[in-house]
Every structure is written in structure tokens, then in C-alpha cells.
Amino acid sequence: MRVRLPGEGGWATVREHLVERLSGAGAGVVEGMFSRGLVVGADGEPVAPDASYVPGMYVWFHRELPYEVPVPFPLEIVHRDEHIVVVDKPHFLATTPRGSHITETALARLRRELGVPELGAAHRLDRLTAGLVLFTVRPEERGAYQTLFRDRQVRKVYEAVAPYDPALALPRTVRSRIVKDRGVLAAYEVEGEPNAVSRVELVDRRDELGLYRLTPATGRTHQLRVHMNALGVPILGDPLYPVVAAPVPAGEFRRPLQLLARALEFTDPVTGVAHRFRSARVLEAWAGLGDRAGQ
């Protein structure tokens, strides 16, 4: 397995990063890989356990992967050309390998199914969130697409099902400062200069639930989930907001987070084509209510 060390992060050593990245491998597994010389650099030489972390550095290693419960939902391909692949990701499927999710990820599935080992993710979607994800075919072009997201040149639109509150004035733009500490599951808001901006609109109402359109102008971790919770209408099925629940057992797929990345719009930085993609998925909590709008 080849791993490129991320450009951002506070890891002091390569070992420290791999211990966190491969946390699902079990205690002592990564340390054992280093002690046996199984982690090597570009020169083929073993990487020392205390080797300094260098952003962008590649390391290679082999390890036996633990069994992962298959995510029993299809990964639909929305668009494919020689530069990009856009997929409609199901709930519960991670975007890229991390922790205990290695083979059961969108990236691993696509590499196997399409036979494109150099495929890479231009951005990430939470494992519990369904919807559109953009992958790049050519490594040398990946930076151009990642820059679109970094520079906020991609319009992303989400849909969510959450409680309906008649006292909540919508539409509105929510601005706050969100912090996510490493090793802590939930993000939280603090005083200070806003770093997270979301547009929240009520699209429809059925019984005590509302269908919301969420348009983020920034991309903080769990931003939409934090903002909806702060408004007093936490997204249905959220295991972190407002209260961190007990971990969901492997193979439990009955309560998906009712959040969907519905649309992606951007001008292709390589071809100049104006792309507009839309997810065909349906949020089951909303579909299950039937046609009772406004009741």
C-alpha cells in the first residue's frame, strides 16, 4: 500500500501519523511494522520509527487487512471521462481509507471496479453523509480540482431532514467559528472570527419534519451538522449532535444520517466545461412521510 502524507497536520513523525491513520489495525500493529522494517520510503529503505513527518512524502507498506463488514448499498457512477469520475455515494461508506475503513471505501471500490489504481479523491464526504463525490483520474491533475474546493469555486448544495420549528425564521445565513479537536468526535462552536458559513432554507414541511436546503460557503468538518444543531433542529439520525451516542455496531445500517450532498456545480479547470451534477438518492425519512406537505 502506498500512502502520501497529507500537507496539513501536526504529526511530529511518520510513525505518529500512521498510528492515527491506521487506528483500526489494533494496538501495536503499526509499531510492529516499523520494527520489522515493513515501512519503506521512495528509496526502498526502511523508514525509522522516529523519522520526521514530511508533508507530501510517500511511504509504502504491506499489512494484513482486518475483515470489514461490507456496506450493502451500491456506489452509483454519475459521470466519467478521462479526467474525473463523479459518484453518488451511499450512507455508511467512507470516501477514502482511514482508521478501520480501508477496503469498504468509495475510493477502494472504484479503483477495483474501474481498474484505475491512480484514482484519487478531490474532496471528502463524511462516511455518514450520502451524495456526490468527485474523484480525479490523473494524479498530475488532482491539484487543479482540489484547488477548486480550497478556493470555494465549487457550488455544493445539500438536503437534510430535521425537525420543523415554526419559530425558526428561515431562510438565513449562519456564521460561526467551528473547532474540531483531534481525537474528539464532535466539533463545536467558539467565540471569534467566523470560519464557517452556511445558508439554510426550508424547502417543504410534512408533519413535524422539515426538508431543508443547505448551501455551505465554507467547508469545516461537520459544518452543516453543527449549524443545524445550533439552530435547534439537529439533522435526523445524527449520532453526534446534539449528544454523542454510543458507537454504532459494525453492520448496523438502519438509521442513516438524513443528510445528502444533492448537487455539485463547477467549471472544469482542465477542460473548461461547466459541470452540473445532481444526486438521484432520496432521503428515506422524507420519502417515508408520503405527500403530506404543509400538514
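Computed from a predicted model, the values in this text were never measured in an experiment.
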- Item | Under the ring pair (Phe, Tyr, Trp, His ring centres under 6.0 Å) test, residues paired with His79 that sit two or more places apart | His275, Phe277
- Message: If the condition is side-chain contact (heavy atoms from CB on, under 4.5 Å), which residues does Pro46 pass it with, not counting sequence neighbours?
- Response: none
- Message: Once side-chain contact (heavy atoms from CB on, under 4.5 Å) is applied, do any residues pair with Arg177, and if so which ones, sequence neighbours excluded?
- Response: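 Listed in chain order: Val190, Glu193, Asn195.
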- Query: Honestly, is Arg182 close enough over Trp11, meaning NZ or CZ under 6.0 Å from the six-membered ring centre and within 45° of the axis?
  - Reply: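 Yes, a cation-pi geometry holds between Arg182 and Trp11.
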Which donor-acceptor pairs under 3.5 Å do side chains of residues 145-152 form with protein atoms, sequence neighbours excluded?
unit_1: Tyr145; atom_1: OH; unit_2: Asp268; atom_2: OD1; d: 2.7
unit_1: Tyr145; atom_1: OH; unit_2: Asp268; atom_2: OD2; d: 3.1
unit_1: Thr147; atom_1: OG1; unit_2: Gly143; atom_2: O; d: 2.7

- Message: Once ring-ring contact (aromatic ring centres under 6.0 Å, His included) is applied, what residue pairs with a partner in residues 163-204 remain, sequence neighbours excluded?
- Response: none
- Task: Would you mind listing every ring-ring contact (aromatic ring centres under 6.0 Å, His included) that reaches into residues 222-258, with sequence neighbours excluded?
- Result: Phe73-Phe253, Phe92-Phe253, His222-Tyr241
Compute whether any side-chain donor of one residue and acceptor of the other, for [X] and [Y], lie under 3.5 angstrom apart.
{"X": "Gln153", "Y": "Thr267", "result": "no"}
{"X": "Arg124", "Y": "Thr95", "result": "no"}
{"X": "Glu189", "Y": "Ser176", "result": "yes"}

- Task: Could you go through the side-chain contact (heavy atoms from CB on, under 4.5 Å) check for Leu134 and Phe266 one step at a time?
- Result: CA-CA 11 Å; Leu134 172 66; Phe266 61 93; 4.1 Å; yes
- Compare every heavy atom of Leu170 with every heavy atom of Val200, then report the nearest pair and how far apart it is.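 So the two residues come closest at O-CD2, 3.8 Å.
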- Between the main-chain N or O of Ile84 and the side-chain N or O of Asp81, is there a donor-acceptor pair closer than 3.5 Å? yes
- Between Arg109 (side chain) and Glu104 (backbone), is there a donor-acceptor pair under 3.5 Å?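 No, because the side chain of Arg109 does not come within donor-acceptor range (under 3.5 Å) of the backbone of Glu104.
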- Message: Measuring only between side-chain heavy atoms, which start at C-beta, is Val78 closer than 4.5 Å to Val87?
- Response: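 Result no, sub-4.5 Å side-chain heavy-atom pair not found.
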- Item | Nearest-0.5 Å distance, NZ of residue Lys89 to CG of residue Leu132 |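 If I round to the nearest 0.5 Å, the distance is 11.0 Å.
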- Could you grab the distance from atom CZ of Arg205 to atom CG of Asp165, nearest 0.5 Å is fine?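 The distance works out to 11.0 Å.
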